[in-house]
Amino acid sequence: MASLPSVAVPGTIKLDLDFKKSSQTSLSTHKNSSIFNAKTDPRCLDFREALSMIEEGSKVETAFYVPILQECIDRNSVSEAQIIHTHIIKTGSYEDSFLTTFLVNVYAKCGEMGYARKVFENFPQRNIVTWTTLMTGYVYNSMPELAIKVFQEMLESGVYPTNYTIGAVISACSFMSSIRFGKQIHGYIIKYKLDCDTSTGNALCSFYSKCGKFGAAVKAFRRIKEKNVISWTTAISACGDNGRANMGLKLFVEMLSEDAGPNDFTLTSILSLCCLLHAVGFGEQVHSFSIKLGFEPNILIRTSFMYLYLKCGRIDESRRLFDGIEDISLVTWNAMIAGYAQMTDHAKDSLMAHHSGTEALNIFLRLMRSNMKPDLYTFSSVLTVCSSLIALEQGEQVHAQTIKTGFLSDVVVGSSLVNMYNKCGSIERATKAFVEMPTRTLISWTSMITGFSQHGRTRQALDLFEDMRLAGVRPNKITFVGVLSACSHAGKVDEAMRYFEMMKKQYGIKPMMDHYSCLIDMYVRLGRLKEAFELIEKMDIEPNEFVWSLLIAGCRSLKNMELGFYAAERLLELKPKDTEAYALLLNMYLAEGRWNDVSRVRKLMREEGRGKLMDWSSINIKDKVYSFKPDGRSHHQSAEIYALLEDLLEKAKSLGYVSLRCLEMDDEDVVKEKTVSSTVHHSEKLAVAFGLLNVSSGAPIRVIKSISMCRDCHSIIKFISELTGREIIIRDSRRLHQFNNGHCSCGDFSNLL
DNA sequence: CGCTCATAAT
């Protein structure tokens, strides 16, 4: 199991505090209703019956329309709304501003802003609520610019906004991420002294958070004099959205100490923070706390707990919760699939990761067999699982399901498909999926650019980047990681620098470590160690473990041990969290015969509580997963596997293969003796040989490896791909290696162990 | 005005 990030949990929750449940909790939504006569109250009638009463034509009370119009919104039925609309006009209820405003709302919620606008235009008695409803409608239908325009019209016509209006305008600003306009609105709010009003303050806090201005969001929150549950919940989610999950937990504790009772929204927000932090201990406290407050029956909260436990590897507890839910909704299924998928991400060096991936696929199958219809969340999660398992066949089946259910055209599902095909090594199918997408987002473009880059297709990656800019999509920092890594692959220093400058100047993106890593990787690949080192010294960020590892890998290949040893000391000072960093150092010191350093690193590893490197590989053949450990002989085909490897090694030697000294991964005690002399069969070699024996001829071999490949295996597999004419794809913990005719898509100079 | 499940990386 991978070590989880350590979390400084802010104190513990005092469980003896006895909160009253907030009145706003949606657990107590039971509204008092029975003043109406059952015969004329449409809530007691069938929707059709109520409608036909209207079609008969007699005038009815305003209150009669309300539930039917509400029903129109819930059913998203425009035609029924039009029937009621006609009736309202015919009977003269049109002058009722409440009803007319409601009609604007109905059309807006049904996505018919044209109709909504018409109702508004034809209604001279429009009041502030009508204006606000129209604006809210535009925001609801993703037209924030029009909402702002309406706001300006309104001010010009001399109508003064209420805090509801301001709320709508601010959501429009959030939608556009328009800091400039939002600040103008903020100025307006201060001018009219609306600032401390609770709902306005909440909206402002949410706005600044969505624009990434966390500091301003917190300030807005702090200025609210009378904070309600929504204020606290908004501030807590703001922490999560801005990478400050820990502070969110602190706010929660503060909230409790101020006697503010959380509701179900607050709890789900807190749980998503716990997920981000893997703070399962904190989550457990919240769990018992929430039971005490009576949130137990709430299925969404139960689902959130289930998801948290699963994501943190507490499979049993999670399953108990899952099994306890009688009426499993799609959200619960999805959370279960996503939970297993996320576990895959965080348990890379364990076989458990693989099992959780296959378990996620099983859950997906169960879902499909039940009568539930999957949605975009189901598909994106399950496609992620296929990616991490490089399960191309299963991925194709899911692809077929997206077509069958009509989700193929969804942009998130489409992006997930592109990503899945890329990760499975099929750049052709990824390209096809990308081209066929009806709409694309930043993420779709970035996925495809990165895909080209990973497959060593630099020109296509850069061309696509230009296409993306021409299409008017603004690249973000991750897009630039893709672009710079593409340049790095091809050794295009000038272009890399040009894009790096473009990123800073034209797009105002502050370089982060990942961008520097690409540049350093580029210099190292070109053998320009000095420039790589100078860049490290020059950066305005503290170099991290990864950067030093890159340099060390370069120094080893180019035999610049002086710089290599220097970099090693810097790396050791950081007390790396990543076990692979220690393995890299051990490999280097072993190769140089520096036994003192070997034991020094070993000691530090023990002190830091870093375990051994777990090397395992797995291969997926026809719905079955086969796993291999290094030098494993327990497999029933072991004899054939070893014979094949021996044969291939001999042939490779005649083609010029020279074995490189390498660390034995799984067994510390024999390292000294064996590394220098005999060949070590790391797990991927066994998996590849097994694949050669069992995968139908001509088909690519796809292997997943728990840790980085070592230089020796990387070299021999290049020869194997040449000797057998097979395409071999190995996804290790760092990147995708696609071997074809003696070449690898990583361009060879990756920081192998 | 707040919420759970989702897609991109060296």
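Worth saying up front: this structure is predicted, and the values here are computed from it rather than measured. Chain letters run A, B, ... following the sequence lines, proteins first, then strands; residues in each count from 1. For the numbers below, each heavy atom of this structure counts, side chains included, while hydrogens, waters and symmetry mates do not.
The side chain of A:Ser237 approaches B:dC3 more closely than any other nucleotide in the set B:dT7, B:dT4, B:dC3. Closest to the A:Val412 side chain, of the nucleotides B:dC1, B:dA6, B:dA8, is B:dA6. The side chain of A:Val481 lies closest to B:dT10 when the candidates are B:dT7, B:dG2, B:dT10. With B:dT7, B:dG2, B:dT4 as the choices, the nucleotide that has an atom nearest any side-chain atom of A:Ser206 turns out to be B:dG2. For A:Ser380, the side-chain atoms get nearest to B:dA6 when compared with the rest of B:dA6, B:dA9, B:dC1. Of the listed nucleotides (B:dT7, B:dA8, B:dC1), B:dT7 has the atom at the smallest distance from the side chain of A:Ser415. Closest to the side chain of A:Ser381, from the set B:dT4, B:dA6, B:dG2, is B:dA6. Out of B:dT10, B:dT7, B:dC1, the shortest distance to the side chain of A:Ile443 is found at B:dT7. Which of B:dA9, B:dA6, B:dT4 sits closest to the side chain of A:Ser272 comes down to B:dT4. Nearest to the side chain of A:Ile230, among B:dC1, B:dA6, B:dT4, sits B:dC1.
Judged as a side chain to side chain contact (heavy atoms under 4.5 Å, CB included), and not counting sequence neighbours, the contacts of A:Ser444 are A:Val411, A:Ser415, A:Phe434, A:Met437, A:Arg440, A:Thr441. Checked against salt bridge (Lys or Arg N to Asp or Glu O under 4.0 Å), A:Arg528 has the following partners two or more places apart in sequence or in another chain: A:Glu531.
Taking 3.5 Å as the limit, the base of B:dA6 and the side chain of A:Asn334 contain no donor-acceptor pair of atoms between them. No hydrogens or angles were tested; on distance alone, nothing pairs the side chain of A:Ser304 with the base of B:dT4 as donor and acceptor under 3.5 Å.
Taking atom CZ of residue A:Arg734 and atom P of nucleotide B:dA9, one finds them 16 Å apart after rounding to whole Å. Going from atom CG of A:Leu535 over to atom C1' of B:dT10 covers 14 Å, rounded to whole Å. Here the P atom of nucleotide B:dC3 and the CG atom of A:Asn228 are 14 Å apart, to the nearest Å. The CZ atom of A:Phe452 sits 17 Å away from the P atom of B:dA8 (whole-angstrom rounding). Note: NZ (A:Lys477) to C1' (B:dA9) measures 11 Å, nearest angstrom. Across the protein-nucleic acid pair, A:Leu367 atom CG and B:dC5 atom P stand 17 Å apart, rounded to whole Å. When the P atom of B:dA6 is taken as reference, atom CG of A:Leu330 falls 13 Å away, rounded to whole Å. Between the CD1 atom of A:Ile509 and the C1' atom of B:dA9 there is a distance of 14 Å, given to the nearest Å.
A side-chain N or O of A:Thr378 and one of A:Asn334 form a donor-acceptor pair less than 3.5 Å apart.
If you take OG on A:Ser453 and NE2 on A:His489, they are separated by 4.5 Å, rounding to the nearest 0.5 Å.
Within the 4.0 Å cut-off from OP1 or OP2 of B:dC5, not a single side-chain nitrogen or oxygen of A:Gln342 is found. Look at A:Tyr307 and you won't find any side-chain N or O under 4.0 angstrom from OP1 or OP2 of B:dC3. Look at A:Lys210 and you'll find a side-chain N or O under 4.0 angstrom from OP1 or OP2 of B:dG2. For the pair A:Asn419 and B:dA8, the criterion of a side-chain N or O lying under 4.0 Å from OP1 or OP2 is met.
Where stacking is scored as ring centres under 5.5 Å apart with planes under 30°, A:Tyr377 does not register as stacked on the base of B:dA6.
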Check against side chain to side chain contact (heavy atoms under 4.5 Å, CB included), A:Ile449 and A:Gln460: CA-CA 8 Å; A:Ile449 290 169; A:Gln460 280 167 292; over 6 Å; no
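Here A:Arg366 does not pair with A:Glu359 in a salt bridge; the nearest charged N to carboxylate O distance is not below 4.0 Å.
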